[in-house]
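Have a look at the structure below before the remarks.
First the proteins, then the strands, lettered A, B, ... as listed; each starts at 1. None of the values given here were measured: they were computed from a predicted structure.
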Amino acid sequence: MAKPKIKEKRWTVDLEKKIQEEHFSNKERYSFNPNSEKEIFVIDTPPPYPSGTWHIGAVAQYSMIDVIARSQRLLGKEVYFPWGVDRNGINIEFTVEKKTGRKMKTYDRAEFLDLCREEIEKYTQEMRNIAKRVGLSCAYDQEYLTDAPDYRSVTQSIFIDLFKKGAIVEELRPNLYDPVEGTTIAEAEVERLSRKTKLVDVRWSVTGDSKHEPVIISTTRPELICACGIVLVHPDDSRYQHLVGKSLDLPLPTAGRSKSVEIKAHPSVNMEFGSGVLMVCSFGDQNDVSVFRELGLTPFQAIDLEGKITELGDSLSGMLVLDARKKAIEILESEDKIENLVERDQEIPVSERGKNPIEIILLKEWYVRQTHIQERMKELSNEINFIPSRNKQFLLDWMENITIDWPVSRRRWYHTEIPIWYSEDRTKVVTPPHGTYVQPWKDSPPSDSVVLDRETCKELGKYEDLKSELGSLEGEEKVFDTWMDSSNSNLYVSGYLSNPKLFDRAFPTGVRPQGKEIVRTWLYYTLLKSTLLLDKPGFANVWIDGLGMDPWGRKMSKSLGNGIDASSVLECGFGGRTGSWKIKGPEGKQVALQAKKIGSECFRFWKAADAQVGDDFQINPEQIELRYFGVLTKIFNVGRFASQFEFDGDLDTIPDDLENEDKWILAEFSDLLEKAKTGYSELDIYTAAQGIKTFSTGVFASHWLEMAKTRLYNDDASATWTLHRIFRDLLSILSPVCPFFTHHLSTTLYEKSSVEIDVFPESPISDTKSWTDITESLVDFNSVVWKAKKDAGVSLAAPISGHNVPDSLKDIESALVSMHKLED
RNA sequence: GGGCCGGUGGUCUAGGGGUUAUGACGUCGCCCUUACAAGGCGAAGAUCGGCGGUUCGAUUCCGCCCCGGCCCA
């Protein structure tokens, strides 16, 4: 018996970290070769948005995407697992504003962009570190940044293509608008908050009929009375039919508009709400918008870009919405026009990022048309395989709810610029050629730009040639919604525009992995793009994971203060460091958790084997350690044990004189290989990981190893071959889940790292059934004997009599006799 | 209000018309058996959220309800 080749007595986080650092010192380790002969598999990695710390739930999701990448490599594919960082957007603008205490618009634009770029770079480095720490096998040497010229030029080129196709329009429309941040937002960015508002019952008088009793209209937005275009009652509401056709005087002073409005019947009125009479203003909510559109009314511009009431509001003009509301109530009160006033809870729409109440105002913006193409999108999404299939419903539900086109222009700065210059007479536009990143707010068009007719989008000629006819150009100052960039990620990583040959092979993109919380944004917009641009489904597979929940079963979020920082888990156990977490629960409850050692391998194993894809998963570091570190220790020790038995022969050639008990475990192992292969192929990590865990700690370690021990000590060839063949291949199929762990064991024992294996291990036994049929009785028999020894108070190594090997186990009788020291 | 998911020993969970209802952690008892005490073996512990229905038989299927979560109006 030789000394074990594996020196370490156990797996430690210190060892893990050492391996990790060596691992990524080779920068090309996980490079992507687009010219490979292998089948190409592109993963549309969600580019993380750098914002300080990385959330443990997100890191859990990424580590499972890595399991997909690694398992696809193991299945023989050329995998592109891109490393991208999403850096555009309002978040970094907020961060810089907060840090410097100055609002964006007080800066010079170029100066502000520099500050953003510097700031985001700091956070980006932190992301790269965590990505490597958790073992993501990304092509780091091919990193992409969404704010880099090459990425932004793709966004701009796609915009121009869609514009030429008529899929993008510029129009004056009612828009969701955040007055505090001064920018348009999309439906997908709207959130609802419950707030206390005053519901005011206002008395309106019938025009030219002072004898008529006043009409009561309930509203939460009296400041918008100046924008009222019509008053509606329900056609079935018998209380008000006599009013239809009459007019009402506006109860507040206005300027520059008629002082009264007509009353009409309309089915959208809720008879139960308030008095059952509804004033429709431009624009109090989405219903107002559709009523204005339907009845062809001319909207009023009651709120300006700063969120202040316009001159329309007469004495309210210049006031912020909330102040104007207060003042409006005061005026109404002083004129005795308030019938009743109650405080109530109301769900109001706010912007997701700034939590500011949203106004709907008329703005000239760029829109990606989407309402016309929902049916086609639905057809194309039927060609995509959703994992798990039920999560497709999130997408379908959202598509049902699309009511307006997607406004993509924003009045912000650290985003991709809209690549357009306008001619002096505004009838023509200049657009840059494909692949050129432009900043129209400060640059002139590149010389090879083209001129388009603004209405028809037809190409009129080269910019060079038409320059003189355009007059002085004005560059567009607006930028794109960041989803306009993010929704190109699959096109970008699949080689769209940059590598047509690759694109041909790689599109639709292999898999889009993502969390279910961004189905309505990232997934939806990406599919919209591929439908509009290529009329194709964007992906072969969409893999939608659940959310990380706290130990109380609630979603982890900043606002609840129940999040766990990724590095506290990954570094737990490094250099003797322990982890402790205090996690706030509902109603002031709090739980304190502690762990001694976790690290990336334990964490990944837990996520892979403990939660089905798409299910929400509770993250409890204490449980992760308790349930999975022991599994690692167990497998590590099997390796250490195996490493004392030298095997010089060829592990790939199956000996023809295998013992029966070895055939049995090889059969069990063959079944596991089959199961893991199917699991990995179908992106079902859970089944694969569970199977590996159960096999390695169960029948393999507890039953077969005990049976084979004696023979191993006696250098039995069959036992040694079986042990090493299984352990080597076991490491290979575990490597997608625990790359550092298996890398260490496989390089020490078999000279080749399991993370480099690109052929899925072959089953050593083909007809497994006759052997696996005995597993149950074998496990039972062992239990019976062990229990008998225990009851008799003898050691497990002591001989025992009176136990006969059952008929079903006759094939391995001698192994059982020597294992248990059975005597007659 | 709508959609989706879930409710199984103290905790987390598997399963799915007939099982002795799976496993893990915890608890308790025994064992340092030459890989592993960061182990091993064993024991206790569950009227499978409630009420109805289908069925010879329901924890499983159906309906309603209750509770929790997420998403959306």
So if I take every side-chain heavy atom of Phe629(A) and compare against A38(B), C41(B), A73(B), which nucleotide ends up nearest?
A38(B)

Just compare A14(B), G39(B), C25(B) and give me whichever is closest to any side-chain atom of Thr633(A).
G39(B)

Using Watson-Crick or G-U wobble geometry with both distances under 3.5 Å, which nucleotide pairs with A14(B)?
none

Any strand, both distances under 3.5 Å, Watson-Crick or G-U wobble: G42(B) pairs with C28(B)

In whole angstrom, give the distance that lies between atom OH of Tyr628(A) and atom C1' of C12(B).
11 Å

State whether Lys555(A) places a side-chain N or O below 4.0 Å from either non-bridging phosphate oxygen (OP1 or OP2) of C71(B).
yes

How are the rings of Trp483(A) and Tyr525(A) set to each other: parallel, tilted or perpendicular (split at 30° and 60°)?
tilted

Can you tell me the base-pairing partner of G9(B)? Count Watson-Crick or G-U wobble geometry only, both distances below 3.5 Å, and say none if there is no partner.
none

Check this for me: does the side-chain of Lys787(A) come within 3.5 Å of the base of C41(B) through a donor and an acceptor?
no

Is any side-chain heavy atom of Tyr62(A) closer than 4.5 Å to one of Val67(A)?
no

Minimum heavy-atom distance Leu730(A)-Phe669(A), with the two atoms named
N-CZ, 3.7 Å

Examine Lys597(A) relative to Phe629(A) and say whether NZ or CZ is less than 6.0 Å from the centre of the six-membered ring and inside a 45° cone about the ring axis.
yes

Taking distance alone, no hydrogens or angles, what donor-acceptor pairs closer than 3.5 Å link side-chain atoms of residues 573-585 of chain A to residues at least two apart or in another chain?
unit_1	atom_1	unit_2	atom_2	d
Trp581(A)	NE1	Ser568(A)	OG	2.8

Could you check whether Ala642(A) gets within reach of a base, just the sugar-phosphate, or nothing at all, counting any heavy atom under 4.0 Å?
nothing

Side chain of Leu626(A): nearest nucleotide among C12(B), A38(B), C25(B)?
C25(B)

Pairwise C1' distance, G9(B) and C48(B) [rounded to whole Å]:
10 Å

Does Lys693(A) make a cation-pi contact with Phe605(A) (under 6.0 Å, within 45 degrees of the axis)?
no

May I ask you to say what Lys709(A) touches in the nucleic acid, namely base, sugar-phosphate or nothing, with a heavy-atom cut-off under 4.0 Å?
base

Length of the line joining Asn620(A):CG and U13(B):P, which is rounded to integer Å:
11 Å

Return the value, rounded to whole Å, for the distance between atom CH2 of Trp552(A) and atom P of C67(B).
21 Å

Treating primed atoms plus P, OP1 and OP2 as sugar-phosphate and everything else as base, which nucleotides of nucleotides 3-10 of chain B get B, S or - for protein heavy atoms under 4.0 Å?
SSS-----

Is Glu823(A) close to Ile800(A) at the side-chain level, that is, under 4.5 Å between some pair of heavy atoms?
no

Side-chain N,O (Lys693(A)) to OP1/OP2 (G23(B)) below 4.0 Å
no

Quick check: Tyr750(A) with His724(A) (ring centres under 6.0 Å apart)?
yes

Any strand counts, and the cut-off is 3.5 Å on both contacts for Watson-Crick or G-U wobble. Which nucleotide pairs with U33(B)?
none

Taking pairing as Watson-Crick or G-U wobble with both contacts under 3.5 Å, can you name the mate of G1(B), or confirm there isn't one?
C72(B)

Checking C72(B), C36(B), C25(B) against the side chain of Arg627(A) (C-beta onward), the nearest is C25(B)

Take the protein atom CG of Asp780(A) and the nucleotide atom P of U20(B), then report the distance between them rounded to whole Å.
14 Å

How far, in whole Å, is G63(B) from A46(B) if one measures between their P atoms?
31 Å

Classify the angle between the aromatic ring planes of His820(A) and Trp786(A) as parallel (below 30°), tilted (30 to 60°) or perpendicular (above 60°).
perpendicular

Rounded to the nearest angstrom, tell me the gap between atom CZ in Phe781(A) and atom P in C41(B).
16 Å

Nearest whole angstrom, please: distance from the P of U34(B) to the CG of Leu705(A).
14 Å

Side-chain contact check for Asp616(A): nearest option of G69(B), C36(B), C12(B) is G69(B)

Distance check needed: A38(B) P versus Leu632(A) CG, whole Å only.
16 Å

Does the structure show a Watson-Crick or G-U wobble partner for U54(B), both distances under 3.5 Å? Name it, or say none.
none

Starting from P on G40(B), measure out to CH2 on Trp704(A) and report it in whole angstrom.
18 Å

Determine the contact category for Lys516(A): base if any of its heavy atoms lies under 4.0 Å from a base atom, sugar-phosphate if only primed atoms, P, OP1 or OP2 are that close, otherwise nothing.
sugar-phosphate

side-chain N/O Ser783(A) vs G42(B) OP1/OP2, d < 4.0 Å
yes

For a quick check of understanding: with a heavy-atom distance under 4.0 Å over all strands, which category does Tyr686(A) fall into, base, sugar-phosphate or nothing?
sugar-phosphate

